[in-house]
Asker: 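Take this structure, written in structure tokens, and hold onto it; I'll ask about it next.
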Amino acid sequence: MHDIRAIRDNPAAFDAALARRGLSGMSAEVLAIDEARRAGILAAETAQAAQNAASREVGAAKARGDDAEFERLRALVAEKKAEIARLSEGAAAEDARLRDLLLTIPNLPLAEVPDGPDETGNVEIFRWGTPRRFDFAAKEHFDITGVKPGMDFQMAAKLSGSRFVVLRGAVIRVHRALAQFMLDTHITEHGLTETWTPVLVKEDAMFGTNQLPKFAEDSYQTTNGWWLIPTSEVTLTNTVAGEILDEGQLPIRMTAHTQCFRSEAGSSGKDTAGMLRQHQFEKVEMVSITTPETSLAEHDRMTRCAQAILEKLGLPYRTVVLCTGDMGFGAQKTHDLEVWLPGQNTYREISSVSVCGDFQARRMNARYRAPGGKPEFVHTLNGSGLAVGRALIAVLENGQQEDGSVDLPAVLQPYLGGRTRIAADGTLA
RNA sequence: GGAGAAGUGGCAGAGUGGUUUAAUGCACCGGUCUUGAAAACCGACGUGGGUGCAAGCCCACCGUGGGUUCAAAUCCCACCUUCUCCGCCA
């Protein structure tokens, strides 16, 4: 959420930043509501102050036993009451109106973010590894002979419908190994604190990390009002909601491995084959809470943490900076990591690392205090480290052999009882 | 799920209808004293909003939301959370 004062102070800069995202200016509308709101507050508070003063006189009259004066003032104050109620209601309505509008305006891109209309405007900044040369036609993950016995979309359709999968045997063991490997790497080498959280959350949490109010159709809600998290960014980030942290506690670096649930209402028809895009998937997430001064450096650090996972797995990837037109709602700047998928002969997103500045902190009212200082909003960052299902796809497609078997990354061996490959018959070997 | 108890500032803890501003202690911060520190003493010490060039002034906030009253931390209702006991359960 935006700071109304910042918009008031420099409406032109605010509109210019929105324009970079392809949006029309909103400062005029925001400021008009803000003006009405402040006028309403002033009127209501002035009336309230008058009543408070009169009430004190009533008390004084009562105390000295002046019954006539007491009755006269009492009636006067009672008369004022309706007026105050009406004014307060108006002020509260304008205040809510402003907040509702501010909640729907996306974060502003940092100056260094490239301008662009959509993903075609993204800028590659780093590339690692060389895609392997195949002397046979590389298959997509679901077509690999050794994978087929362990990846059952028909069974999932029977249970749940489309965009779900049932995994069995070697395939799910590799999936589990990947998640364990990522978590272990983050906690032992990257200094993140492993955290386990609920996947059902209250509405407030979804507002805090800006899934709500704008993107309600992307997530699932239970009949009693809980939301299923689309990412553990929601729970990890909201751990600091409403808090005033000591500066010494920062940065807070967390990681969690959770189920994620997305209805993906807007993307039906995209990536329908295979398990690239599912309603339920697993992700190892990273979240950092920092001071304003350190958030950009933290963004690079977090990007490195995600890159390190891909490098240890030996998966070729590239890193792009998302352009203004492709960034998510809450981001100031985003790095996407795209892993090479031989079956699709292209790079596909496997991680997205964003710095949000104080955008989410304002929504959550998450602050910190430097010694002797005033509370200030923290900065928040989140990134995938990595999407486990997509990492599985990448491992399978990059390791596939002509005979239908799959060679697995060496770093996974400790999690696979020393085994190194999935045989063509679908068993670990 | 049932019964009971409790939610007050960073912490502890008073305050059951009104005599401006939530007592007091601890912690933190500034100062006096001291070679330095401690102790002692003095002072300052919450959050958000509005208004003003500023000093300042005003409004709200005692778990949350309603209500009663001229007036609510205090009385009433609902909800949330925590604790104790019981039930159930991986």
Side-chain angles (χ1 to χ4, degrees), chain A residues 1-9 30-103 196-208 222-227 235 238-250 252 258-259 358-378:
Chain A
M1 191 163 70
H2 292 285
D3 181 5
I4 181 62
R5 288 200 181 82
I7 300 173
R8 216 185 279 153
D9 290 346
V30 168
L31 292 180
I33 296 172
D34 180 47
E35 219 164 287
R37 164 182 159 271
R38 286 191 290 157
I41 289 171
L42 186 59
E45 289 191 351
T46 302
Q48 186 65 58
Q51 190 195 310
N52 288 349
S55 281
R56 281 192 288 271
E57 288 180 45
V58 173
K62 176 86 171 168
R64 66 175 181 268
D66 187 344
D67 287 346
E69 182 68 356
F70 173 76
E71 286 302 333
R72 190 185 71 78
L73 288 168
R74 204 171 69 106
L76 193 71
V77 170
E79 213 172 275
K80 284 280 174 201
K81 239 186 118 179
E83 183 195 353
I84 291 169
R86 180 175 57 77
L87 291 171
S88 307
E89 203 174 303
E94 293 298 337
D95 196 54
R97 227 177 121 209
L98 180 64
R99 182 178 169 80
D100 288 349
L101 177 60
L102 288 177
L103 281 173
W196 189 89
T197 73
V199 298
L200 292 169
V201 298
K202 296 191 276 194
E203 191 172 69
D204 286 352
M206 295 285 280
F207 272 91
T222 67
T223 51
N224 67 343
W226 282 326
W227 291 82
T235 45
N238 276 284
T239 56
V240 298
E243 301 288 332
I244 300 178
L245 305 161
D246 290 327
E247 187 178 31
Q249 293 175 258
L250 304 177
I252 297 172
T258 68
Q259 303 283 333
D358 64 9
F359 188 78
Q360 295 179 327
R362 283 181 189 284
R363 291 171 162 249
M364 296 188 299
N365 196 26
R367 294 170 295 173
Y368 78 100
R369 192 200 304 269
K374 284 256 173 199
E376 283 189 64
F377 290 110
V378 297

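Bear in mind the structure is a predicted one, so any value in this text is a computation, not a measurement. Letters A, B, ... are given to chains in the order of the sequence lines, protein chains preceding strands, and every chain is numbered from 1.
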Asker: If the test is side chain to side chain contact (heavy atoms under 4.5 Å, CB included), which one of A/D358, A/I252, A/L245 qualifies with A/V378?
Answerer: A/L245

Asker: For the pair A/D95 and A/R99, find out whether any cationic side-chain nitrogen is under 4.0 Å from an anionic carboxylate oxygen.
Answerer: no

Asker: Kindly give the heavy-atom pair with the smallest separation between A/I33 and A/L101, and that separation in Å.
Answerer: CD1-CD2, 3.8 Å

Asker: Could you tell me if the side chain of A/R38 sits less than 4.5 Å from the side chain of A/R8, heavy atoms only?
Answerer: yes

Asker: Considering only the P atoms, how many Å lie between B/A12 and B/G66, rounded to the nearest integer?
Answerer: 28 Å

Asker: Would you measure the distance from the P atom in B/A72 across to the matching atom in B/G67 and give it in whole Å?
Answerer: 12 Å

Asker: Using atom P in both nucleotides, what's the gap between B/G25 and B/G43 to the nearest angstrom?
Answerer: 12 Å

Asker: Hey, are A/D100 and A/R97 close enough for a salt bridge, meaning a charged N less than 4.0 Å from a carboxylate O?
Answerer: no

Asker: Using the P atoms only, state how far B/G17 lies from B/G10, rounded to an integer number of Å.
Answerer: 27 Å

Asker: What distance, rounded to whole Å, do you find between the two P atoms, one in B/G31 and one in B/U19?
Answerer: 37 Å

Asker: Rounded to the nearest angstrom, tell me the gap between atom CD in A/E203 and atom P in B/C80.
Answerer: 16 Å

Asker: List in chain and number order the residues that pass ring-ring contact (aromatic ring centres under 6.0 Å, His included) with A/F359, two or more places apart in sequence or in another chain; answer none if no residue qualifies.
Answerer: A/H2, A/F329

Asker: With A/F377, which of A/R363, A/R362, A/Q360, A/M364 fulfils side chain to side chain contact (heavy atoms under 4.5 Å, CB included)?
Answerer: A/R362

Asker: Does A/R38 put a side-chain nitrogen or oxygen below 4.0 Å from OP1 or OP2 of B/U51?
Answerer: yes

Asker: May I ask you to say what A/R8 touches in the nucleic acid, namely base, sugar-phosphate or nothing, with a heavy-atom cut-off under 4.0 Å?
Answerer: sugar-phosphate

Asker: Report yes if a side-chain nitrogen or oxygen of A/R99 is closer than 4.0 Å to either non-bridging phosphate oxygen (OP1 or OP2) of B/G49; otherwise report no.
Answerer: no

Asker: For a quick test of reading the model: is some side-chain N or O of A/R369 closer than 4.0 Å to OP1 or OP2 of B/C28?
Answerer: no

Asker: Sticking with atom C1', work out how far B/A73 lies from B/U8, rounded to a whole angstrom.
Answerer: 7 Å

Asker: Just by protein heavy atoms under 4.0 Å, how would nucleotides 54-68 of chain B read 5' to 3' in B, S and -?
Answerer: ----BBS--------

Asker: For B/A14 and B/A39, measure between their P atoms and round to the nearest Å.
Answerer: 27 Å

Asker: Taking the same atom, C1', in B/U20 and in B/C59, what whole-Å distance lies between them?
Answerer: 15 Å

Asker: Is the phosphate of B/G49 approached by A/R37 (side-chain N or O, under 4.0 Å from OP1 or OP2)?
Answerer: no

Asker: Could you say whether A/I41 or A/R367 is positioned toward the 5' end of RNA chain B, judged by the nucleotide with the nearest heavy atom to each?
Answerer: A/R367

Asker: By nearest heavy atom, map A/D34 and A/I244 onto RNA chain B; which one lands nearer the 5' end?
Answerer: A/I244

